[in-house]
Enquirer: 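Structure in structure tokens, see below.
To find a chain, count down the sequence lines: A is the first, B the second, and so on, and within it residues start at 1. All values below were derived from every heavy atom in this structure, side-chain atoms included, with hydrogens, water molecules and symmetry-related copies excluded. Everything quoted here is computed from the prediction, not taken from an experiment.
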Amino acid sequence: MGIEKLYPFDKIEPKWQEFWRQRRLFNVDTKDYRNKYYCLMMFPYPSAALHVGHGRNYIIGDAVARYKMMRGFNVLTPMGFDAFGLPAENAAIKGGLDPETSTLNNIRTMKSQFNRWGVEYDWEREVISCMPDYYKWTQWIFLKLYEKNLAYRKKAFVNWCPSCKTVLANEQVIDGLCERCSSEVTQKDLEQWFFKITHYAERLLSDIEKLTNWPERVKIMQRNWIGQSHGVEIDFKIDGMNEMLRCFTTRVDTIYGATFMAVAPEHPLVPMLIKGAKDEEAAMRKIQKMRDESKIARSDAKVEKEGIFTGRYVINPVNGNRIPIYVANYILMEYGTGAIMAVPAHDQRDFEFAKKYNLPIVVVIDDPANPLNAATMKEAYVSEGVMVNSGQFNGLLSTEAIDKIADYFEEKKYGVRATQYKLRDWLISRQRFWGAPIPIVYCPACGIVPVPEKDLPVLLPRNVEFKPTGESPLKFSKEFVNTKCPRCGANSKRETDTMDTFVDSSWYYLRYITPKLADKPFERTLVDKWLPVDQYIGGVEHAILHLLYSRFITKFLNDIGWVGFDEPFRNLFTQGMITKNGIKMSKSKSNTISPDDLIDKYGADTVRLYTLFIGPPEKDAEWSDRGVEGAYRFLGRVWRLVDKVKDLNCRAPSSSPQLTKDELALRRKTHQSIKKVTEDLDGGFHFNTAISAVMELVNQSYEVAALADEGRCGTAILKKAVESAVVLLAPFVPHIAEEMWQLLGNNGSIFTTSWPSYDSCIIVADMITIPVQINGKLRAKVEVPFDASEEDIKKTVLNDVDVQRWIKDSSVKKFIIVPKKLVNIVI
RNA sequence: GCCGAAGUGGCGGAACUGGCAUACGCGUCGGUCUCAAAAACCGAUGGUCGCAAGGCCUUGUGGGUUCAAUUCCCACCUUCGGCACCA
């Protein structure tokens, strides 16, 4: 079973790891920012052992860092741990250890795994988000936001996970289920802290354009999440009352077709509207029932539309029509104004509602191809068309009418143009123990008082029963809760909720530059030199949450003058996941592959090489144990080649001063390979094709080595080819590359030598083979000099026997020559 | 429903700006070495017809543009991802 040991990786790998650490190859002095390159991997949760799927992220990052190092950059690659949060807390509850101990244990395990992979970081900059010297500054960011009125407390219906016993941000609710535990999320009406991310909605959206080196799909996801729409806000006069009902619409062109109004059950005007209605009490009860229904259940389009007539009417400003106001379950209070003008003919939801409650349907946009009839319509007509029943706007295209009517509204003061976003403010309160305490004090006299900066950090208390009860565990720690008001000194209570961990991770990349600063979160002058991050690498699952929050915090810090840039990550790369048996590797699916066993068997370089060779790194890939063996065999093959070549005297071609055909070909291949690998790494992360290019070079070197054995070839070019292969492989398989580099007679680290360059003149061959097509089908190949004229090529082609056989007595209609590429003859 | 990505041998995948489809690796088959095995090395390997020379077909399906299409255009099918009563 066991594969034979092809080279002594178990001796080589620890040796070079030690060497890099002693030489401080990955330790950077950030004061020297010349030629800087900030290569950042998303810092992980300290979960238990890592599997090969996790490894992909770090291996890719390490390969990039090492490549950039060889290109002469001053590379900063720090690493840290996103150590607060539910996973750590839940794991701690299970393991019976307190979260801090279990978190620090996990961190230790993970670091030793990084070490064995040969994945190197500047550990002197390690950032651990659960340590007071870090979360002090997370709290500081809260205070700064509070100062600018961007952190606020309000009572709101919030997402509540009954299993995690905490509230969740909108972004943490997936299909109505908790992102972490998949329990059904319910609604709770609670006082909670929010960050006003909506204040930045427009900039977060428009600045996506600046992110030219982000994956398109991530940008699209962010755009959709922010969800901008342009429309008009219209105030409808409520008949018989001195009140206006404001609604938002993107389709003012349909205003003449509005036959009723619909408001959300939570709408503040509801009690007033319903007052004096026929069955006021019964109606109120029904509305209460709608409110109680979970937002998730209500926000499913398949749910039957329900409504109650309020007994009130509004006046449509464009035609004076009196239209009834309904309370309807499909109207969301969180979006727009919580009220809509309903146009059944041109909106499917309104259509369904109108059918159910027998409300009029008025067509105002007609389908020119297929005239509509309100009485027989089966569904709403939502496309564009020609305006009808719309007074002065009749005959216009509906697309043009949108602007015309909006102008008219603004002029008549019926309404104003407005922009709406789907993005909601970021709910950051969590009723859990393992997080950064929110630095707020409640004073009976002064009210909400922020903790002064000089009193930070607000320390998480020790020895707290941290099990989730639905209320923050911190409430039960008297020493923590009871405090003096920082303003007046009166006995006061601390806020006992902790912050969402996404707050911790929204600024950690700034801390790495000056990780030990005690009096500031970071040093602006240096941060401005090193950021934006040159390359950020991580999983696509963070496309919205972490990346959006980080962009928000960066923009905020930019606004208050703490950083000089407004986007944190210049280039983003999102790697695909590794699957086993077609599904994502995970402990719960028990389909994980441990890197430790593989490293024992084949060495870290093999695991690294296979991980990079498995396929395009941005795509998902299926793990194959056979593939690992293939990578191992290849390394063994290179190892033996180096062993063979290392002691050869670099004699020039013995017999003739001219290089042989094979030597020329190998030299050409060497330069082509350098070009290919360089372009693959510069143009994107095409590790798989870069590696296959080196494989080709190695294969061809073997052929020439066999000739050299027979004395039919010189060795200088062979040695150069092998040496190039070793250098090109170094970012991927650093340990064996260092060892082979040394065996070939070089001193020092391969990572301090410069990346090889290629000569474009050598890449082109003297003679080239040109395929000849006849009627578009490949029929022959001819050899011609590289710089042959079209005349010469034509002559050669027509003299070719195969070509003559195909042409026979047919006449040549067309003769197409693509220089240096191909010939096509049409007969 | 809307938005996006992707469909290429037995498998992972390659192919510049429209110019030799299947590089590289895995697997399989045959051979060398060996008492034998492993490792290594050499050779074959898209399908199909043919003794062979060679022919024909093939990049999800069907059309189109072109001397030439995996690549461009139109229609459709399938898979995956995101959003989804957002007015």
Side-chain angles (χ1 to χ4, degrees), chain A residues 1-6 174-175 215-225 227-229 231 247-251 254 262 298-303 305 328-332 334-343 346-350 352-353 382 420-424 540-541 543-544 576 609-610 613-616 618-631 633-634 636-637 640 679 683 686 688-696 698-699 702 706 769-781 805 813-827:
Chain A
M1 177 67 210
I3 256 187
E4 195 172 298
K5 193 170 211 180
L6 303 181
I174 313 292
D175 293 331
E216 208 51 42
R217 61 173 167 164
V218 172
K219 293 196 277 186
I220 288 165
M221 279 193 243
Q222 292 218 352
R223 269 191 206 106
N224 290 344
W225 190 260
Q228 185 185 59
S229 37
C247 77
F248 172 76
T249 181
T250 53
R251 293 292 306 272
T254 64
R298 244 172 72 195
S299 69
D300 186 343
K302 285 174 219 92
V303 165
K305 310 258 175 303
N329 64 343
Y330 70 97
I331 308 302
L332 309 171
E334 300 78 25
Y335 187 75
T337 61
I340 61 149
M341 60 170 216
V343 185
H346 305 294
D347 181 287
Q348 187 56 28
R349 297 153 296 175
D350 300 345
E352 285 166 30
F353 192 91
V382 295
Q420 283 290 338
Y421 296 92
K422 286 198 239 179
L423 184 71
R424 319 268 164 79
V540 75
E541 65 274 17
I544 297 171
L609 186 72
Y610 177 62
F613 187 59
I614 194 167
E618 68 279 10
K619 296 216 306 214
D620 293 349
E622 171 76 12
W623 187 266
S624 144
D625 291 332
R626 295 288 202 176
V628 181
E629 284 180 31
R633 273 204 290 272
F634 171 70
R637 213 165 128 76
R640 289 190 302 276
E679 288 176 353
H686 305 140
N688 53 332
T689 49
I691 291 167
S692 74
V694 184
M695 285 173 168
E696 287 183 44
V698 169
N699 290 346
Y702 259 101
T769 306
I770 291 189
V772 181
Q773 295 182 334
I774 290 166
N775 288 343
K777 292 198 172 172
L778 179 70
R779 295 301 185 192
K781 287 186 179 186
R805 189 167 60 83
K813 283 208 196 113
K814 224 170 178 182
F815 199 100
I816 296 151
I817 300 182
V818 185
K820 299 180 180 60
K821 284 243 170 88
L822 151 150
V823 167
N824 192 9
I825 305 168
V826 184
I827 57 173

Enquirer: For A:R251, give me all partners under salt bridge (Lys or Arg N to Asp or Glu O under 4.0 Å), at least two apart in sequence or on another chain.
Expert: A:D253
Enquirer: Looking at B:C51, which nucleotide sits across from it as a Watson-Crick or G-U wobble partner, both distances under 3.5 angstrom, or is there none?
Expert: none
Enquirer: With a 3.5 Å limit on both atom pairs, tell me what B:G7 is paired to, counting Watson-Crick and G-U wobble, or say none.
Expert: B:C77
Enquirer: Taking atom C1' in both B:U71 and B:U22, what distance in whole Å separates the two?
Expert: 15 Å
Enquirer: Hey, is A:E352 close enough to A:R349 for a salt bridge, meaning N to O under 4.0 Å?
Expert: no
Enquirer: Once you apply a heavy-atom cut-off of 4.0 Å, does A:G227 come out as touching a base, just sugar-phosphate, or nothing?
Expert: nothing
Enquirer: What string of B, S and - do you get for nucleotides 41-47 of chain B 5' to 3' if you count protein non-hydrogen atoms under 4.0 Å?
Expert: S------
Enquirer: Under 4.0 Å, heavy atoms only, any strand: does A:S624 hit a base, just the sugar-phosphate, or nothing?
Expert: nothing
Enquirer: With both distances under 3.5 Å as the test, what is the Watson-Crick or G-U wobble partner of B:C72?
Expert: B:G64
Enquirer: Just name whichever nucleotide pairs with B:C35, Watson-Crick or G-U, keeping both distances under 3.5 Å, else none.
Expert: none
Enquirer: Between B:C67, B:G27, B:C86, spot the one nearest the side chain of A:R626, thanks.
Expert: B:G27
Enquirer: With sugar-phosphate meaning primed atoms plus P, OP1 and OP2, does A:T337 contact a base, only sugar-phosphate, or nothing at under 4.0 Å between heavy atoms?
Expert: nothing
Enquirer: Mind checking who B:G12 pairs with, Watson-Crick or G-U wobble, both distances under 3.5 Å?
Expert: B:C24
Enquirer: How far does the P atom of B:C41 sit from the matching atom of B:C26, given to the nearest Å?
Expert: 10 Å
Enquirer: Select base, sugar-phosphate, or nothing to describe what A:D350 touches, counting heavy atoms under 4.0 Å on all strands.
Expert: nothing
Enquirer: Find out whether the Lys NZ or Arg CZ of A:K305 is both under 6.0 angstrom from the six-membered ring centre of A:F353 and within 45° of the ring's axis.
Expert: no
Enquirer: What are the atom names and distances for every N/O pair under 3.5 Å that joins the protein to nucleotides 16-21 of chain B?
Expert:
residue: B:C20; atom: O2; partner: A:K781; partner atom: NZ; Å: 2.5

Enquirer: Donor-acceptor pair under 3.5 Å: do we get one between A:K813's side chain and the base of B:C67?
Expert: no
Enquirer: Would you tell me if any nitrogen or oxygen in the side chain of A:N688 comes within less than 4.0 Å of OP1 or OP2 on B:A14?
Expert: yes
Enquirer: To the side chain of A:L6, which of B:A40, B:C86, B:G25 is closest?
Expert: B:A40
Enquirer: Under a 3.5 Å cut-off for both distances, is B:G1 Watson-Crick or wobble paired, and to whom?
Expert: B:C83
